[in-house]
Student: 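This is the structure, below, for whatever I ask next.
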Amino acid sequence: MGDSRREPLVLSEDEQLVLQGWARRRSTAQGLAKRARIVLACADGLSNTAVAARLDTDRGTVRRWRTRFLRDRLDGLSDDPRPGVPRTITDAQVEEVVVRTLEEVPEGATHWWKRELAKRVGISPTSVLRIWRAFGLQPWRTQDFKISPDPLLIEKIRDVVGLYLAAPSNAAVFAVDEKPQIQALERTAPVLPMVPGVPERRSFAGRRPGAGRPGCRASGGCGPGRPARGSCERCPVGATRCGSLSSCSPCRR
């Protein structure tokens with residue numbers, strides 16, 4: 001039953017359609033959908049107590065949204081501005097931080113630091129860090145990977161690992177690496193750039209100019225570039241060589 005002491009709530013046809021859409025649409029925020037149902041129930045002539053009982057809420061909530069709708073109509077059902085400091089960082093500045101992080105590198109550095117980028121954009125370093133976190137950007141991180149084109153990679157790994165896990169008797173295992181003091185200017189695979197949520201990825205193997213393929217050496221001295229006595233030609237091609245002294249026939253003395 002209606003309450004004759006309250007101002008009647010009458011909806012126009014457009015307002016009726018908008019409120020029904022808000023109340024039924026699944027994508028509508030739950031708060032807005034509930035306010036729309038309150039106003040629709042009030043427009044049916046029900047009292048605040050009856051509307052509260054139907055929608056499982058309290059009379060104060062019904063009274064608040066009835067009053068705001070009568071005063072401001074549909075605009076009165078939206079949320080009031082939140083208290084606090086107003087936003088000072090614009091969307092353009094957020095976009096600039098993201099674009100510079102993904103597409104640019106500062107001069108003389110490999111990636112952006114928050115203080116350098118903050119100075120360039122004109123915001124605080126803390127704001128830059130918050131933007132990076134929001135977009136999942138970590139310019140200081142890199143991930144390594146290695147893709148081998150060798151079809152016999154698995155067999156060679158088993159042979160090499162087997163030398164360490166169960167080395168044959170009277171055998172010497174040597175690990176030889178290329179010249180580490182020469183900087184790797186090129187990678188064996190293209191560098192995969194950073195994207196939101198994924199850091200930069202690069203191959204840990206590089207091409208070093210002037211670093212030839214290391215020779216296989218066992219015990220004993222030899223001239224430069226010549227294999228030493230005891231070198232094993234049947235060992236898997238790689239950085240590790242086995243100089244067996246008894247079990248491997250090419251290495252017997």
Side-chain angles (χ1 to χ4, degrees), residues 25-33 75 78-154 156-158 160-161 164 174-215 236-240:
R25 194 178 301 118
R26 293 184 178 181
S27 59
T28 304
Q30 292 299 312
L32 181 58
D75 294 338
S78 59
D79 291 323
D80 290 333
R82 299 287 182 178
V85 180
R87 180 183 177 187
T88 57
I89 300 177
T90 64
D91 292 339
Q93 289 175 316
V94 174
E95 181 181 1
E96 184 178 0
V97 170
V98 175
V99 171
R100 286 184 180 274
T101 304
L102 293 176
E103 299 181 1
E104 296 181 10
V105 176
E107 184 178 358
T110 59
H111 60 272
W112 285 103
W113 295 96
K114 61 180 181 180
R115 288 181 175 83
E116 297 176 358
L117 188 54
K119 185 177 180 180
R120 181 70 62 88
V121 179
I123 59 179
S124 66
T126 304
S127 299
V128 172
L129 189 58
R130 285 201 298 264
I131 295 173
W132 281 350
R133 288 175 178 173
F135 286 87
L137 299 176
Q138 296 178 323
W140 61 88
R141 287 189 57 194
T142 59
Q143 290 182 347
D144 295 331
F145 69 92
K146 175 63 177 178
I147 301 177
S148 176
D150 192 346
L152 301 178
L153 177 66
I154 302 299
K156 294 177 180 179
I157 290 178
R158 289 173 178 171
V160 173
V161 173
Y164 291 92
F174 296 88
V176 183
D177 194 4
E178 59 187 1
K179 301 177 181 179
Q181 69 272 19
I182 299 179
Q183 183 181 5
L185 301 179
E186 298 180 1
R187 299 287 170 176
T188 56
V191 176
L192 303 178
M194 173 180 51
V195 296
V198 180
E200 182 184 86
R201 291 158 294 169
R202 62 176 63 197
S203 172
F204 65 82
R207 297 186 180 92
R208 293 180 172 86
R213 183 174 178 178
V237 178
T240 307

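Just the heavy atoms: all of them, side chains too, but no hydrogens, waters or symmetry mates, feed the values below.
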Student: For residues Glu96 and Val121, report the shortest heavy-atom separation together with the two atoms involved.
Tutor: OE1-CG1, 3.8 Å
Student: Once side-chain contact (heavy atoms from CB on, under 4.5 Å) is applied, do any residues pair with Thr126, and if so which ones, sequence neighbours excluded?
Tutor: Ser124, Arg130
Student: Evaluate Phe135 against Leu102 for side chain to side chain contact (heavy atoms under 4.5 Å, CB included), listing each step before the verdict.
Tutor: CA-CA 11 Å; Phe135 286 87; Leu102 293 176; over 6 Å; no
Student: Mind checking side-chain hydrogen bond (donor to acceptor under 3.5 Å, both in side chains) for Arg87 and listing every partner two or more places apart, or none if nothing turns up?
Tutor: Asp91
Student: Decide side chain to side chain contact (heavy atoms under 4.5 Å, CB included) for Val97 and Ile123; before the verdict, give the C-alpha distance in whole Å, the side-chain angles of both, and the deciding distance to 0.1 Å.
Tutor: CA-CA 10 Å; Val97 170; Ile123 59 179; 3.9 Å; yes
Student: Looking at Pro125 and Ala118, what are the two nearest heavy atoms and their distance?
Tutor: N-CB, 3.6 Å
Student: Show the nearest heavy-atom pair for residues Arg100 and Arg120, with the distance to one decimal.
Tutor: NH1-NH1, 3.3 Å
Student: Between atom CZ of Arg133 and atom CD of Gln138, what is the distance when rounded to the nearest 0.5 Å?
Tutor: 10.0 Å
Student: Which residues pass the side-chain hydrogen bond (donor to acceptor under 3.5 Å, both in side chains) test with Glu95, not counting sequence neighbours?
Tutor: none
Student: Can you confirm whether Trp113 sits close enough to Pro106 that some side-chain heavy atom of one is under 4.5 Å from a side-chain heavy atom of the other?
Tutor: no
Student: Identify, with sequence neighbours excluded, every residue that meets side-chain hydrogen bond (donor to acceptor under 3.5 Å, both in side chains) alongside Trp112.
Tutor: none
Student: Check side-chain hydrogen bond (donor to acceptor under 3.5 Å, both in side chains) between Glu116 and all other residues, then give those that pass, not counting sequence neighbours.
Tutor: none
Student: Quick one: list whatever passes side-chain contact (heavy atoms from CB on, under 4.5 Å) with Val161, sequence neighbours left out.
Tutor: Ile157, Leu165
